[in-house]
Amino acid sequence: MVELRVQEHQVLLGLEKNGGKASVEQLMVASNLPDAAVMRNALTLQENALLNIHAATQNVIKLTEEGKAYAREGLPERKLFRAIAEMGGEADLKEAAKKAGLPAEFIQIALGWVIRKKWAIFFGQNNRVKLLDEFLDNFAASHGKDEELLEQLINNGDEQVIVDELNVSMRGEAEQLKKRKLVVIELKTTRFLQITKEGKTALLEGKMVEPEVTQLTPELIITGKWRSVKLQKYNIEAPVTKFWPGKKHPYLSFLDNVREKLVTLGFQEMTGTSVETCLFNFDALNIPQDHPAREPSDIYYVKEPTRGDIGCHREIVERIKETHENGGQTGSTGWGYPYTFEAAQSLILRGHGTCLSARTLKNKELQVPSKYFSIARVYRPEVVDRTHLSEFNQIEGIIIDPNLNLKDLLGVLGRFATEIAGASKVRFKPDYFPFTEPSVELSAYKEGYGWIEFGGSGIFRPEVTHPLGVDIPVIAWGLGVDRLFMMHSGIEDIRTIFCQDINWLRKKQVT
Amino acid sequence: MPTIDIEYKELEQLLHIELNWDMEKLDDILAYVKAEVKGYNKQDETVNIEFKDTNRPDLWSAEGLARALKGFVNSQQRGIKQYSIAKSEVEVFVSRDLYDIRPYIACAVIKEVHLSDAIIRGLMHLQEKLDQTCGRGRRKASIGVYNLDLIKPPIEYTVVKPHEVEFTPLGFTEDMTLNDILEVHPKGCEYGHIIKYNALYPMLFDSEGRILSLPPIINSNDLGKVTEKSQNLLVEVTGTSHKTVLNMLNLVVTMLIDRGGKAYTTTIHYPEDSNYGTVQKQEITPNFDNQHLQLNIEYTNKILGLELTSNRMVELLQTAGFNIEKTSITDIEVLIPCYRTDIMHQVDLIEDIAIAYGYNNIKPNWQELPTVGRAKQDQQLINHARDLMIGLGFQEILNTTLTNKETLFNKTNRPLTPHIEIRNPKVITMTCLRNALLPGLLEVLSNNQSVEFPQKIYEQGKVIHPDQTSETKTLEEEHLAAITTHPMAGFSEIKAVLDSFLSNFDVQWQIKQASQPTFIEGRTGRIIINGDQEIGVIGEISPQVLENWKLENPAAAFEINLQRIINNKLANKK
């Protein structure tokens, strides 16, 4: 035998009252339930084949704000008509309008309609309006279908009427009113519920289950009443509202992870400002002052002020100048050009994180041995596309110890490849950086991706270390961190990192 | 990074190898000179090669590349490729007026070269590449090539007044004044800026007063046109760096010798002028003499972490294309060919030894050093701040620090505050550095109007302010901003978030009525800590700002200077 809960019974009963078929709105009235409850119960009833839910789309006529006003107070032409009638059936237009309370801009509209509806005649020479005789005794005879429709609409609780429920002549009026912008016609979906044969049987023979409690309340718990009530069974498969947690940005989270690994490997973090002098971004790194990397097409220059203060590094600048010009004390030939302090002072947005390493090396309290890293926001005037950003992060660092050599450098890269990239094999290739010699490119083999280049490294040239006051080997390394992140989270477009797409962030799964 | 197109067959012939288009094998070979295959076209039989080393112009032709690789692919081909040169009678006289304009010149004569279309293209290609890179866009040095048979030496390198001279530039049919050439001729437009600001322009004439060229802009159409019929050439390089001028001439001339030409020197006569300092008054160019460099054996092994014998080092140096003058117990005297202009220091030779030895033949070693790792000192507190915001249900956002004034001030109704602007922005959306985070968050919201509400987001990151007192004239501070938007969003919601955040940081704070057009008047507050330290602003976003950003839901936000809180906390710890 079918079991019916109270609300289910109310819905079926409401349907019966409405002749077996009703809209959700009708049922809300008949069953005295809110619409969510009607639908929830209807869904359960439909699952049990006790009713069917049909959806129908209908054109609905709705009053506009202007339409509502006229429906209440009468159309402008009606107001004019009334005024003239009260003034004896004939009157001066302006006076009649004044009596009707019509604003100036409505007078011509009202007059137009009065004439068009054949309620009155207008005498242009003396500006008088006269009602037709047939209406003088019988005002009601002038009552038009448009006005009838407006009344019907305003009297309907929801101020709307379904087009199909109007008779055909009235539908024409609806079009007229729409042209006058007094109504709008909208497409609306209505759900109808229809009781089935099984439903009817259930109403007659079904067993009513005792009242159930949906929400377990503190009161029920404290008073112990929960023992005597039945807790309603939920449809636990029903969908619930989506809920979005606050989460870390996946890229920043990845950087956190790399930072943690580097700290574990014994590296200290270096920091510095994004705005940097050419002295540390270029000169200190053995990049000559006329190098193309300094062209405005390759590095961002600060508009104002254009120069930083390098006075505090006088000794270093002198040594760098000498090194660039003729090698100075480094055993190098130097670049052989006249070095200027002006070019060294130029302020730029740092193009790489290596300037931080240079700043660390010049530090008089530099410890030996020591290991450093930085996660630096860097800037290049690149055209942004799938593989290029004009602002991105670089992770790089240095290792300082008197006994370091190329073997150790390869060892560091190998360690990074396994610890940070999770690679199974590594391969080394000759590489070029103006500030290191020898220089090595690291390729790592990762299952499912093949060989990927993900880092560069080298031993700082004496032209770099000596002017900064360091005369022991310094290993410098850098990781292609964006590439690693893209691989790690399956992204193919580097722009995703700064994409501003909340949906992507919400749906990004843990990796 | 420079790239060149090379004819595949030609490279195979020059190297005496056959690879049958196996690009992986070619890559392995190119790795010796830090190059790789960027692309290839089997139909045209060309390979596009990219060079990572921007300091090796000697590689940028098929001949140069083959010259550098020969020792690696064939042990019979090791050592320097020696070029011979004979003397010619051609003389060049340099005017003292050039010193401040373009003081140096180097010339060579090439005879009996058979110029095919391919060779001319290769020559032009190399010339263009050298002008752009070593020549720094022709500013520092530039190359000119002429049909020697049309020229009557000696050559005069001198200056002229721009309006007094006319000639027909290459590719044109009529005489033009120098000023017109700078304005009309494509090369004049491109390189005119190099000489334009001088009262006098550099000029090359022959002994009959005929014009060779206007360096570094354009050759004359009469003497400066090289065709397949040209057999004898004059090559010149002018510039502002003596060393670069000589180096570039060597690179062009060795390439032409590789193509079967015979090279002859010229004599450059510099003026008796103290400005010219150490430059010889009569300089013979080109100069193919090898340079000497002392390589310390112990230092080499120390850098490489290997124990190579001096014999093994000699062998590896030869593989890499060097010759050895002599060897002692401690040192090797290495001869460096004239085309290896990149060698500045013995570390450059040490790297070449390592490459010849093979990087992958060296056993990596993880050196355990007694160091203690640590993140930057504010990182821990930054992480706490981020964790709190996430716990409060806010999604973390990452924006670029590059932004624009429209976002930062106009659309957000923020009063114009000091910020760092970029002199050479690439796109109008990135013209300055942010000095606040909130504008970026509003931008994020405006890009997510179709995404489900409520939207609660925050960003923790750096903002940059101008600061006259600092070395880089800037001050960077960690900020934190949060915004909530949905149909019911309002002041009390965001204030509750801020309260929770600051309480967790153990900060005593108060809020003071403020006026800031980003927010609704009367719903805006300054955030004050420690009685008088202002650290931020909180409020309900003004409808005007919402409209500017096309936001349809109310929003409430705060932004605080997290750095102050962190600094206070760190100071208290101490």
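Naming convention: chains lettered A, B, ... in sequence-line order (proteins, then strands); numbering from 1 in each chain. Quick note: numbers below take in every heavy atom, side chains included, and nothing from hydrogens, waters or symmetry partners.
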> So what's closer than 4.5 Å to chain B heavy atoms on A/Glu382: side chain, backbone, both or neither?
Replying inline: backbone
> Is it the backbone or the side chain of B/Lys52 that comes under 4.5 Å from a heavy atom of chain A, or both, or neither?
Replying inline: both
> Where on B/Asp53 is there a heavy atom nearer than 4.5 Å to chain A: the side chain, the backbone, both, or neither?
Replying inline: both
>> Is it true that B/Asn399 and A/Gln500 share a donor-acceptor pair across their side chains at a distance under 3.5 Å?
In response: yes
> Just wondering, do A/Glu437 and B/His345 contact through their side chains at under 4.5 Å, heavy atoms?
Replying inline: no
> Any side-chain donor-acceptor pair under 3.5 Å between B/Gln395 and A/His249?
Replying inline: no
>> Please classify the contact between A/Glu441 and chain B as side chain, backbone, both or neither, with a heavy-atom cut-off of under 4.5 Å.
In response: side chain
> Is B/Glu452 salt-bridged to A/Lys507, going by a charged N under 4.0 Å from an acidic O?
Replying inline: no
> Which answer fits A/Tyr379, side chain, backbone, both or neither, if we ask what part of it has an atom under 4.5 Å from a heavy atom of chain B?
Replying inline: side chain
> Are B/Thr371 and A/Gln268 close enough that a side-chain donor and a side-chain acceptor fall under 3.5 Å?
Replying inline: no
> Measuring heavy-atom distances to chain B, does A/Pro338 have an atom under 4.5 Å in its side chain, in its backbone, in both, or in neither?
Replying inline: neither
>> For A/Thr277 and B/Glu471: C-alpha separation, side-chain torsions, deciding distance, then whether side chain to side chain donor-acceptor pair (under 3.5 Å) applies.
In response: CA-CA 8 Å; A/Thr277 54; B/Glu471 196 186 321; 5.0 Å; no
> Is it the backbone or the side chain of B/Leu293 that comes under 4.5 Å from a heavy atom of chain A, or both, or neither?
Replying inline: neither
>> Can you tell me which portion of B/Gln460 sits under 4.5 Å from chain A's heavy atoms? Options are side chain, backbone, both or neither.
In response: neither
> With respect to chain B, which residue among A/Asp431, A/Leu265, A/Leu347 yields the maximal number of heavy-atom pairs within a distance under 4.5 Å?
Replying inline: A/Asp431
> Going by atom types only, do A/Glu391 and B/Thr401 share a side-chain donor-acceptor pair under 3.5 Å?
Replying inline: yes
